[in-house]
Amino acid sequence: MKLAYWMYAGPAHIGTLRIASSFKNVHAIMHAPLGDDYFNVMRSMLSRERDFTPVTTSVVDRNVLARGSQEKVVDNITRKDAEEHPDLIVLTPTCTSSILQEDLHNFVERAQLEAKGDVMLADVNHYRYNELQAADRTLDQIVQYYIEKARKRGELVEGKTEKPSVNIIGTSTLGFHNNHDCTELKRLMADLGIEVNTLIPEGASVSDLKKMPKAWFNLVPYRELGLTTARYLEEQFGTPYIDITPMGVVETARCIRKIQQVINAQGAEVDYEDFINEQTLHVSQAAWFSRSIDCQNLTGKKAVVFGDNTHAAAITKILAREMGIHVVWAGTYCKYDADWFREQVSEYCDEVLISEDHGEIGDAIARVEPSAIFGTQMERHVGKRLDIPCGVIAAPIHVQNFPIGYKPFMGYEGTNQITDLIYNSFTLGMEDHLLEIFGGHDTKEVITKGISADSDLNWTKDGQAELNKIPGFVRGKVKRNTEKFARDRGFKEINAEVLYAAKEAVGA
């Protein structure tokens, strides 16, 4: 096990808690030491929920270790059942408490005897799976549990809805722009004349799950969450699923055409081509922007992309295919699904990078020095150190990536948001050269932004003065190239002559 102070995907119990707290009237009991109970703070801070997060920690401490956990865990489950009256209580250990090797199935069986609601153990291997994999498996487990329960009671809804309908699977709490994407997807389905049968897990009740077989098809907008559930529903009820992410003009149209194909195969007669044309020409501004002078000014500029599979693949395609931007490399931290990612992006970038090591990603960015980065908050930190602008496109994220205003990434409105993000990322900081030309701040005597505090090289006064004359938006790159030139040749200080030599060496 590798100790990391930054992680792209959290531990498995975070995924389970995300699913449990996304449902209505579902409570989670986390069997864990106090150090593992940060989920409540994280969710409250980021998602700005008005209600308390429905997660209770059953604390593992030295007293519990001395006499065993069963009594305390069962008491916590039955207490919350009496206080909150939830439809379901989900018990999850963490990777820390899993070390105890306790029989949590037995704890659940004991608690179920006294609880009025359902009690379930999130059956996830906490050493093998990360947050995303655990969320996918927990959602599938809950869906299977309630469909099988309805089947045994004879309450399972048979047959399909009269009109075409869809289950949208995979929008959850703490998902990147998930709440806005959800609104946009519901609007898109309404425009297509498709009823939303269920939308899970965010905002759904577990009692809704028995209705899922009624849908004509399932839509899985996020690669990371919902595929296992969709495959189960296809296997059990023959419900087809669509896993094309409607992000960007091209992929949104492809998703809609696939929906048309699936619906018509079940006896309906729909034609969405006029809708696609209307939205592309008049609602989405992305197609127009791609032909504008602003976008043409970006043609050929270098970018790197990194994130989860869904967003990194979508943004790579948009940059390369829709905007003519050169993607030097595209990467993902979803190592468990690397083959799919390679298949999706290989033709749109020079190199594919699969890694969970933020240090390796930072080095890869520094090596190619792109004009812009599209990644997570971690890559945004890297960009700040290198003076390279970064647009955040995927989790892990910051509170600023939970905007109060409406900013979906999916659908035709999402194409406008992504276009703005891409354009502003490339042009951010370019106005610095106007300050150099017209004044506004004095940079003749001292440089603070261009020289890092941890530099092992000494810049002389004349070297700093020459570096000062370089426009701000490229100064960081010139500074790094000059320092690399000096180190390679064993120079201990950099004066104006070394700077000139470095510029000549790179043909500047």
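For this chain, numbers begin at 1 and follow the sequence in order.
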Nearest 0.5 Å, what's the [atom1]-[atom2] distance between [X] and [Y]?
X	Y	atom1	atom2	answer
Phe402	Leu46	CZ	CG	5.0 Å
Asn309	Arg342	CG	CZ	10.5 Å
Lys407	Gln417	NZ	CD	6.0 Å

Non-neighbouring partners of Arg480 that pass side chain to side chain donor-acceptor pair (under 3.5 Å), sequence neighbours left out
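Testing Arg480 for side chain to side chain donor-acceptor pair (under 3.5 Å), a comparison that skips the adjacent residues, returns Glu369.
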If we count only N and O atoms by modelled type, under 3.5 Å, do the side chains of [X] and [Y] hold a donor and an acceptor together?
X	Y	answer
Asn495	Asp462	no
Asp140	Thr228	no
Asn130	Tyr333	no
Thr376	Glu379	yes
Ser21	Thr53	no

With side-chain hydrogen bond (donor to acceptor under 3.5 Å, both in side chains) as the test, pick out the partner of Tyr222 among Thr171, Thr310, Asn178.
Asn178
Would you please classify the geometry between the His177 ring and the Phe409 ring as parallel, tilted or perpendicular, with 30° and 60° separating the classes?
tilted
Does Asn125 have any side-chain contact (heavy atoms from CB on, under 4.5 Å) partners at least two apart in sequence or in another chain, and if so, which?
Tyr127, Arg128, Tyr129
Establish, yes or no, whether a centroid distance under 6.0 Å links the rings of Tyr241 and Tyr232.
no
